[in-house]
Protein chains: 2
Amino acid sequence: MAVERNLISGSLAMLVLKLLSERDMYGYEMIETLRARSQNVFELKAGTLYPLLHGLEDKGLLDVYEQESAGKIRKYYSITKQGRGHLEKKKKEWKEYADAVSQVLAMGV
Amino acid sequence: MAVERNLISGSLAMLVLKLLSERDMYGYEMIETLRARSQNVFELKAGTLYPLLHGLEDKGLLDVYEQESAGKIRKYYSITKQGRGHLEKKKKEWKEYADAVSQVLAMGV
DNA sequence: TTGACATATATAGATTTCCGATATAACATA
DNA sequence: TATGTTATATCGGAAATCTATATATGTCAA
């Protein structure tokens, strides 16, 4: 694929980075925020998110720190400069892919 | 996911069904047509397409017949009534998903 | 106060999609 | 005759995501 193979499924990483580009969040908060913003289309599972976050951290796209909030220690994730660069690239690829799909679906009979 | 898990990668099956909803085609023709319509964004591999076609046939979404064309026996694929129903459903899901992604990307800062 | 439910993080195993590599074969053209 | 294009096919593997499971805390109602 001219658009990376992982783009489509990989859109989840893009969405997470997008949320973190606005403000630091902890995992559970991302699940709830994505659900709300997408009108319940994205029902991200914890078993999907946490391995994804660890992977993004390993790649240097996110930083993590612990912070108490409402009596609980939570893990907050923060996007790095490299992460912002990655997000821009992924947004461009998503647009390219979505436009191509529209193109194919619209043409013909 | 409210949108089926396979939707996104599964968009490939949708695109193939879309082509066949216009006219019968053989495998290689689908690869070339998808490439052309998407301005080279979709570079579908033979190793992806043929197993996909066999799977769609097993599910009753496609029929196959052999026909000579330009001195060669080619396998033409034809979409079934069930296949058309499946295509409509997938198109709706794609739209739902793509809109949700746009929503998340557009909001916030 | 006890049980149920929501919050919060985490890992292991399984499934699905798709690609790379490889194989075969016919035709076109240089 | 050699090379490239057309055409179909399978196997094995990588990557993304889900299911199931585990753990622990806070909250609220019975």
Side-chain angles (χ1 to χ4, degrees), chain A residues 1-17 24-36 41-59 61-62 64-77 90 93-94 97 101, chain B residues 1-17 24-36 38 41-59 62 64-77 90 93-94 97 101:
Chain A
M1 291 276 176
V3 173
E4 281 176 356
R5 173 171 176 248
N6 308 342
L7 196 232
I8 302 316
S9 327
S11 63
L12 215 44
M14 173 181 73
L15 296 174
V16 164
L17 289 172
D24 294 358
M25 287 191 188
Y26 54 93
Y28 197 82
E29 192 181 5
M30 297 179 212
I31 291 174
E32 294 305 309
T33 305
L34 271 181
R35 187 208 310 279
V41 173
F42 299 129
E43 286 167 13
L44 182 57
K45 301 304 187 303
T48 302
L49 179 63
Y50 292 105
L52 175 65
L53 289 174
H54 301 332
L56 293 176
E57 193 193 347
D58 290 346
K59 287 181 198 160
L61 306 180
L62 302 181
V64 192
Y65 58 94
E66 299 199 340
Q67 190 173 294
E68 201 186 307
S69 171
K72 283 189 180 181
I73 301 289
R74 288 174 174 149
K75 288 194 162 183
Y76 280 84
Y77 292 84
K90 288 293 166 185
E93 287 181 0
W94 163 258
Y97 184 90
V101 170
Chain B
M1 290 278 177
V3 174
E4 281 176 356
R5 170 170 178 247
N6 307 341
L7 196 233
I8 303 315
S9 326
S11 63
L12 215 44
M14 172 181 72
L15 296 174
V16 164
L17 288 172
D24 295 356
M25 288 190 187
Y26 54 93
Y28 196 82
E29 193 182 5
M30 297 179 212
I31 292 174
E32 294 305 309
T33 306
L34 272 182
R35 188 208 310 280
S38 70
V41 173
F42 298 130
E43 286 167 12
L44 183 55
K45 300 305 188 300
T48 301
L49 180 63
Y50 292 106
L52 175 66
L53 289 174
H54 302 331
L56 294 177
E57 192 193 348
D58 290 345
K59 287 181 198 160
L62 301 182
V64 192
Y65 58 94
E66 299 201 339
Q67 190 173 295
E68 201 184 309
S69 170
K72 283 188 181 182
I73 300 290
R74 287 171 175 152
K75 289 193 161 183
Y76 280 83
Y77 293 85
K90 288 295 168 187
E93 287 181 359
W94 163 258
Y97 184 89
V101 171

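What you are looking at is a predicted structure, and each value in this text was computed from that prediction instead of being measured. Naming: A, B, ... by sequence-line order, numbering from 1 per chain.
- Atom C1' of nucleotide D:dC18 and atom CD of A:Glu43 are separated by 13 Å, given to the nearest angstrom.
- For the atom pair CD (A:Glu29) and CG (A:Leu34), the distance works out to 11.0 Å, reported to the nearest 0.5 Å.
- Here D:dA9 is the nucleotide among D:dA9, D:dT6, C:dA10 with the atom lying nearest to any side-chain atom of B:Lys75.
- Listed candidates were D:dC18, C:dT9, D:dT8. Nearest to the side chain of A:Ala46 is C:dT9.
- Pairing each heavy atom of A:Ala13 with each of A:Leu56, the nearest pair is CB-CD2, 4.3 Å.
- When each of C:dC19, C:dT9, D:dT10 is scored by its nearest atom to the side-chain atoms of B:Pro51, the top-ranked nucleotide is D:dT10.
- Of the possible donor and acceptor atoms, none in the side chain of B:Ser11 sits under 3.5 Å from a partner among the backbone N and O of B:Met14.
- No hydrogens or angles were tested; on distance alone, nothing pairs the side chain of A:Lys45 with the base of D:dT19 as donor and acceptor under 3.5 Å.
- In this structure, A:Leu53 atom CG and C:dA10 atom P are separated by 8 Å, rounded to whole Å.
- Ring centers of B:Tyr97 and A:Phe42: under 6.0 Å apart, within the cut-off.
- In this structure, CG of B:Asp58 is placed 14 Å from P of C:dT16, rounded to the nearest angstrom.
- Atoms CG (B:Leu44) and C1' (D:dA9) sit 14 Å apart, rounded to a whole Å.
- Between D:dT8 and B:His54, no contact under 4.0 Å exists linking OP1 or OP2 to a side-chain N or O.
- A straight line from CD1 of A:Ile73 to P of D:dT25 spans 12 Å, rounded to a whole angstrom.
- Residue A:Ser69 is the one, among A:Thr48 and A:Ser69, whose nearest nucleotide of DNA chain C lies closer to the 5' end (criterion: closest heavy atom).
- Across the protein-nucleic acid pair, A:Tyr28 atom OH and C:dA6 atom C1' stand 6 Å apart, rounded to whole Å.
- Note: OH (A:Tyr26) to P (C:dA6) measures 16 Å, nearest angstrom.
- If you check every strand for non-hydrogen atoms under 4.0 Å, A:Tyr76 touches nothing.
- In this structure, A:Lys72 and A:Gly47 both approach DNA chain C, and ranking their closest nucleotides by distance from the 5' end singles out A:Lys72.
- Following rounding to the nearest Å, B:Glu32 (CD) and D:dT6 (P) show an atom-to-atom distance of 6 Å.
- Checking D:dT8, C:dC19, C:dA10 against the side-chain heavy atoms of B:Tyr50 singles out D:dT8 as nearest.
- Minimum heavy-atom separation, B:Glu43 to B:Arg35: CG-NH1, 3.8 Å.
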